[in-house]
Undergrad: 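This is the structure I want to talk about, given as C-alpha cells.
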Amino acid sequence: QVQLVESGGGLVQAGGSLRLSCAAVRSTFSSYAMGWFRRAPGKEREFVAAISWSGGSTYYADSVKGRFTISRDNAKNTVYLQMNNLKPEDTAVYYCAVRIGEVVSTLLWEYDYWGQGTQVTVSS
C-alpha cells in the first residue's frame with residue numbers, strides 16, 4: 001500500500017515557475033516508477049512526465065518538454081516536478097502516481113496508486 005501526498009500547487013502568472021512535490025508515505029514496495037498526470041477543465045487526464053526508480057529514465061509529454069523537469073529523491077520517497085515558463089494551457093489539477101516495479105510508463109492505466117491532486121492555475 002502507498003499513500004501519496006502532493007504539494008506545491010497554486011496560482012502563478014504566465015512565464016512563472018512552480019515546483020510540485022509528491023511524497024510516498026507508508027510505502028511497502030522496494031521499487032516503483034513515478035509519474036505526473038494532469039486534468040484540465042473539460043478534458044481527460046493526460047500524461048505529463050514520468051521517471052524510473054533509478055531516475056535514469058525520464059519521459060515527457062511533447063507539450064511540456066523543455067519547460068518541465070521531473071526528478072526524485074529516493075531517500076525521501078519524493079518525486080518533484082519543476083515547472084518553468086508556465087502557460088495558461090498548463091492550468092489543471094496535477095496528480096502524481098506510482099507504478100510498482102522499476103519500469104516506467106506513460107500510460108495512466110498502468111499506474112497503481114494515485115494522489116488526490118493539486119491545483120495549478122496559470123493566469124495570462
Side-chain angles (χ1 to χ4, degrees):
Q1 190 72 14
V2 177
Q3 180 181 354
L4 301 175
V5 180
E6 298 137 331
S7 60
L11 172 64
V12 64
Q13 289 188 328
S17 299
L18 282 174
R19 188 195 196 202
L20 304 183
S21 299
C22 175
V25 299
R26 290 195 286 273
S27 171
T28 59
F29 300 102
S30 59
S31 63
Y32 45 87
M34 298 188 80
W36 287 97
F37 295 78
R38 67 186 181 186
R39 182 167 59 195
K43 295 187 176 181
E44 297 292 322
R45 193 174 300 193
E46 65 176 6
F47 169 74
V48 176
I51 188 168
S52 62
W53 166 252
S54 68
S57 296
T58 56
Y59 298 88
Y60 296 94
D62 287 342
S63 59
V64 306
K65 204 171 292 184
R67 300 187 298 122
F68 290 12
T69 302
I70 189 170
S71 61
R72 66 188 296 166
D73 183 342
N74 287 345
K76 297 181 179 179
N77 289 333
T78 300
V79 65
Y80 306 97
L81 186 67
Q82 178 66 43
M83 305 185 294
N84 298 329
N85 191 22
L86 283 160
K87 304 176 180 180
E89 51 264 42
D90 294 317
T91 295
V93 177
Y94 284 71
Y95 300 87
C96 71
V98 158
R99 183 175 193 265
I100 305 305
E102 299 183 5
V103 178
V104 67
S105 173
T106 64
L107 304 174
L108 65 88
W109 56 83
E110 292 191 345
Y111 282 77
D112 302 293
Y113 299 95
W114 292 82
Q116 293 299 307
T118 185
Q119 177 70 47
V120 171
T121 303
V122 185
S123 63
S124 57

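One-based numbering along the sequence shown. The model shown is predicted, which means the values in this text are computed figures rather than measured ones.
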Undergrad: Between Ala33 and Val103, which heavy-atom pair has the shortest distance, and what is it?
TA: CB-O, 3.6 Å

Undergrad: Are Trp36 and Leu108 linked, directly or through intermediate hydrophobic residues, by side-chain heavy-atom contacts shorter than 4.5 Å (ILVMFWY only)?
TA: no

Undergrad: So, for Arg72 and Ser52, which heavy atoms are closest and what is the spacing to 0.1 Å?
TA: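 Heavy-atom minimum between the residues: NH1-O, 2.9 Å.
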
Undergrad: Do we see a donor-acceptor contact under 3.5 Å between the side chains of Thr78 and Asp73?
TA: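 No, Asp73 and Thr78 have no side-chain donor paired with an acceptor closer than 3.5 Å.
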
Undergrad: Using the ring of each side chain (for Trp, its six-membered ring), is Phe37 parallel, tilted or perpendicular to Phe47, with breaks at 30° and 60°?
TA: perpendicular

Undergrad: Quiz question: by atom type and distance under 3.5 Å, do the side chains of Tyr32 and Asn74 form a donor-acceptor pair?
TA: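 Judged by distance alone, the side chains do not pair up.
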
Undergrad: Shared ILVMFWY cluster between Tyr80 and Met34, side chains joined below 4.5 angstrom?
TA: no

Undergrad: About how many Å separate OG1 of Thr69 and CZ of Arg19, when rounded to the nearest 0.5 Å?
TA: 11.0 Å

Undergrad: Hey, are the side chains of Leu86 and Leu18 touching, using non-hydrogen atoms and a 4.5 Å cut-off?
TA: yes

Undergrad: Side-chain contact, heavy-atom cut-off 4.5 Å: Val12 with Thr121?
TA: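 Counting from C-beta outward, Val12 and Thr121 never come under 4.5 Å.
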
Undergrad: To the nearest 0.5 Å, tell me how far Ser63 OG sits from Phe68 CZ.
TA: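 Here the rounded value is 7.5 Å.
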
Undergrad: Side-chain contact test, heavy atoms from C-beta onward, threshold under 4.5 Å: evaluate it for Glu110 versus Ile100 and give yes or no.
TA: no

Undergrad: What's the spacing between Ser57 OG and Ile70 CD1 if we round to 0.5 Å?
TA: 11.5 Å

Undergrad: Atom CG of Leu81 and atom OG1 of Thr118: how far apart are they, to the nearest 0.5 Å?
TA: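 Atom-to-atom, Leu81:CG and Thr118:OG1 are 11.0 Å apart.
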
Undergrad: If you draw the axis of the six-membered ring of Trp53, does the NZ or CZ of Arg99 fall within 45° of it and under 6.0 Å from the ring centre?
TA: no

Undergrad: Of all the heavy-atom pairs spanning Ile51 and Ser71, show the shortest one and how long it is.
TA: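 Closest pair (atom of Ile51, atom of Ser71, distance): CD1-CA, 3.7 Å.
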
Undergrad: Is the shortest side-chain heavy-atom distance between Glu102 and Ser54 below 4.5 Å?
TA: no

Undergrad: Name the one of Gln116, Arg39, Glu6 that satisfies side chain to side chain donor-acceptor pair (under 3.5 Å) with Tyr95?
TA: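 Exactly one pass, corresponding to Arg39.
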
Undergrad: Establish whether Trp109 and Val48 are linked, either directly or via other cluster members, by ILVMFWY side-chain heavy-atom contacts under 4.5 Å.
TA: no

Undergrad: Should Tyr94 and Val104 be counted in the same cluster of Ile, Leu, Val, Met, Phe, Trp and Tyr side chains packed under 4.5 Å apart?
TA: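 Shared cluster, no.
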
Undergrad: Side chains of Pro88 and Gln13: does their closest heavy-atom pair fall under 4.5 Å?
TA: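 No. Closest side-chain heavy atoms not under 4.5 Å.
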
Undergrad: Hydrophobic clustering (ILVMFWY, side-chain heavy atoms < 4.5 Å, transitive) - are Val79 and Val2 grouped together?
TA: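 Yes, same cluster.
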
Undergrad: Looking at side-chain heavy atoms only, is the closest gap between Met83 and Arg67 below 4.5 Å?
TA: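 When only atoms from C-beta onward are counted, Arg67 and Met83 do not touch, as no gap falls below 4.5 Å.
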
Undergrad: Measuring from atom CD of Gln119 to atom CZ of Arg38, what distance do you get when rounded to the nearest 0.5 angstrom?
TA: 12.0 Å

Undergrad: Kindly indicate whether the side chain of Val98, heavy atoms from C-beta on, has any atom under 4.5 Å from the side chain of Tyr111.
TA: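 Result no, sub-4.5 Å side-chain heavy-atom pair not found.
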
Undergrad: Determine, for Lys87 against Asp90, whether the closest basic-nitrogen to carboxylate-oxygen distance falls under 4.0 angstrom.
TA: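 No, Lys87 and Asp90 are not salt-bridged.
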
Undergrad: Where do Val93 and Gly117 come nearest, in terms of heavy atoms and distance?
TA: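 Where Val93 meets Gly117 most closely, the heavy atoms are CG1-CA, 3.8 Å.
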
Undergrad: Within the 4.5 Å heavy-atom criterion, are Thr91 and Val120 side-chain neighbours or not?
TA: no

Undergrad: Other residues, nucleotides and ligands only: do more than 12 of their heavy atoms fall within 6.0 Å of NZ on Lys65?
TA: yes

